[in-house]
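Here the structure comes first, spelled out in structure tokens, and everything after it is commentary.
A, B, ... follow the sequence lines: proteins, then strands. Residue 1 opens every chain. Computation of the quantities below employed the complete heavy-atom set of this structure, encompassing side-chain atoms and omitting hydrogens, waters and symmetry-equivalent molecules. On a predicted model such as this, the values are computed, not experimentally measured, just so you know.
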Protein chains: 2
Amino acid sequence: MTAPDRPLSRRERPAKPPLTRAGIVAAGLAVLEAEGMEKVTMRRIAAELDTGAASLYVYVQNTADLHAQMLDELLAGVTPAETGAWLTRLIDLLESYAAVLFQHPEIARLSMSTHTSGPNYLRLLDTILGLLGEGGVPENQAAWGVDILLAYPTFLAAERGSRAQPRNARDFADLATHVAAADPYTLPHVAAAGDEIVSGTPAARLRWGITVLINGITQTERA
Amino acid sequence: MTAPDRPLSRRERPAKPPLTRAGIVAAGLAVLEAEGMEKVTMRRIAAELDTGAASLYVYVQNTADLHAQMLDELLAGVTPAETGAWLTRLIDLLESYAAVLFQHPEIARLSMSTHTSGPNYLRLLDTILGLLGEGGVPENQAAWGVDILLAYPTFLAAERGSRAQPRNARDFADLATHVAAADPYTLPHVAAAGDEIVSGTPAARLRWGITVLINGITQTERA
DNA sequence: ACCTGAACACCGTTCAAGT
DNA sequence: ACCTGAACACCGTTCAAGT
């Protein structure tokens with residue numbers, strides 16, 4: 001409405017913080033929180049920082065690089081309890097990892113293709129290895145086991161993260177419908193199991209799943 | 001070079017097969033095979049079928065719908081052995097599922113966000129439930145277990161599918177580098193486990209992982 | 001009913017030109 | 001060295017107009 005008829009001088013313009021890699025990642029997370037992953041584009045983030053998309057390329061290699069950085073930043077919040085039995089600490093840690101991913105299913109999806117070896121991810125890996133070691137799991141089983149332990153929360157989150165995601169909700173309802181309508185002749189076992197297949201809250205399935213994985217890792221020797 | 005100076009008449013033009021949903025899915029798979037997932041776009045597929053992108057929307061709701069359809073089509077090749085012990089048949093089936101996904105990591109990645117409840121997916125579900133039942137696994141454990149059994153191959157394929165994928169290969173090498181360079185003070189367990197973490201062929205890790213999951217599912221009661 | 005071209009509203013990334 | 005605007009080469013999806 002009251003647009004000035006000349007460009008603002010440097011003194012008058014609101015101070016624009018300098019671009020940094022961290023600032024770009026933070027802006028990316030802000031957009032993610034506010035508008036979801038599909039709005040996390042170079043152009044949108046640049047707008048957030050009051051600049052052009054091209055300017056970001058001084059600090060960020062490409063979109064994949066940015067996404068990996070964002071994921072690692074989110075993992076900063078995943079920390080273990082300091083006391084307690086190794087098993088409860090491990091389950092808690094994995095549930096907290098899952099919680100972060102459930103809040104950001106799009107990032108969970110991304111983390112399958114765009115890996116991070118950022119400091120927070122490595123710390124998480126280290127903590128899990130430590131806990132498995134405490135539980136007496138042989139080192140070679142633990143080393144391959146971490147991968148499996150991190151995979152399942154990621155998968156569950158990607159599959160049905162809680163963020164309002166019309167497409168995904170519809171897909172799952174779709175599966176439920178197909179399972180309910182399964183022809184007992186062509187799909188006898190699906191028809192027999194019925195609701196059981198799609199039953200349970202994500203939290204309940206996660207908890208059981210984590211136990212399954214830990215039991216399996218503990219009890220399965222490597223050839 | 002020798003372009004005709006008038007449009008070809010209907011008789012002269014090479015016969016153009018009519019558009020069908022199946023034809024569009026097949027064209028999508030052809031493009032996937034030839035040029036990779038990132039080229040599987042509405043426009044590219046339309047070009048393949050000698051038409052415009054808009055024409056596809058008569059048969060396909062949107063990109064997600066198309067992708068789900070493509071995935072289900074790929075699963076047609078995943079079929080179980082007819083004889084043998086339930087355990088070896090189950091392991092074989094999961095390895096064959098994994099093999100398909102390893103050849104199409106981009107589809108594996110996609111299948112996390114875009115679900116299919118297509119006929120082939122449901123058949124796979126049914127077969128696995130049947131085999132677990134044969135193995136004496138209680139029905140409620142089997143019903144939640146299928147999800148876990150299908151998750152791990154998907155995750156592994158998405159993570160390091162074999163198709164030439166410069167970004168992914170670099171990421172994994174990156175992780176290996178970080179693991180190798182892990183500071184024994186801040187990351188003691190990673191440093192101790194060292195190479196072990198990134199060791200083994202995908203096939204070997206997959207086989208051990210499947211065994212881990214089956215053992216866990218068999219031995220973990222549901223509350 | 002099916003098909004089409006053109007348009008709309010976007011993308012990531014590069015690059016020459018500025019400071 | 002950093003920043004910018006403009007350009008390049010794309011996207012998915014919609015829609016009025018044709019057959």
Heavy-atom donor-acceptor pair, A:Tyr59 side chain to A:Leu19 backbone, under 3.5 Å = yes
Determine the interatomic distance between C1' on C:dA9 and the same-named atom on D:dC10; round to the nearest Å.
-> 13 Å
Nearest heavy-atom approach of B:Ala98 to B:Leu206 is CB-CD2, 3.4 Å
Side-chain donor/acceptor of B:Arg205 to backbone N/O of B:Ser199, under 3.5 Å = yes
Given the rule that a pair is Watson-Crick or G-U wobble with both distances under 3.5 Å, how would you write DNA chain C in dot-bracket, using | for pairs to a different strand?
-> ||.|||||...|||||.||
Minimum heavy-atom separation for B:Ala157 to B:Ala108, with atom names?
-> CB-CB, 3.9 Å
Give the minimum heavy-atom separation between B:Ile107 and B:Leu71, together with the two atoms involved.
-> CG2-CD1, 3.4 Å
Within residues 18-28 of chain B, the residues having a heavy atom closer than 4.0 Å to DNA chain C are B:Leu19
Closest non-hydrogen atom pair between B:Leu129 and A:Ala193, with its separation = CD1-CB, 4.2 Å
Report the C-alpha separation of B:Leu93 and B:Leu124 in whole Å, then their side-chain angles, then the decisive distance to 0.1 Å, and conclude whether the side chain to side chain contact (heavy atoms under 4.5 Å, CB included) test is met.
-> CA-CA 9 Å; B:Leu93 183 65; B:Leu124 181 59; 3.9 Å; yes
Any chance you could lay out the side chain to side chain contact (heavy atoms under 4.5 Å, CB included) test for A:Trp144 and B:Ile197, step after step, and finish with the verdict?
-> CA-CA 6 Å; A:Trp144 282 15; B:Ile197 293 173; over 6 Å; no
Would you give me the side-chain donor-acceptor pairs under 3.5 Å for residues 45-54 of chain A, sequence neighbours excluded?
unit_1, atom_1, unit_2, atom_2, d
A:Glu48, OE1, A:Arg44, NH1, 2.9
A:Glu48, OE1, A:Arg44, NH2, 3.4
A:Thr51, OG1, A:Ser55, OG, 3.0

For B:Ser55, answer base if it contacts any base atom (sugar-phosphate contacts may also be present), sugar-phosphate if it contacts only those atoms, and nothing otherwise; contact means non-hydrogen atoms under 4.0 Å.
-> base
Any side-chain heavy atom of A:Ile91 within less than 4.5 Å of one from A:Leu94?
-> no
Tell me, for nucleotides 14-19 of chain C in 5' to 3' order, what letter each nucleotide earns: B for a base near a protein heavy atom under 4.0 Å, S for only sugar-phosphate near one, - for neither?
-> BB----
Pull out every residue in residues 38-51 of chain A that has a heavy atom closer than 4.0 Å to any atom of DNA chain C, ordered by number, or say none.
-> A:Thr41, A:Met42, A:Arg43
Donor-acceptor pair, B:Asp72 side chain versus B:Tyr121 backbone, under 3.5 Å?
-> yes
Sequence-distant partners of A:His189, side chain to side chain donor-acceptor pair (under 3.5 Å), two or more places apart = B:Asp126
Would you call A:Asp65 and A:Arg21 a salt bridge, taking side-chain N to carboxylate O under 4.0 Å as the test?
-> yes
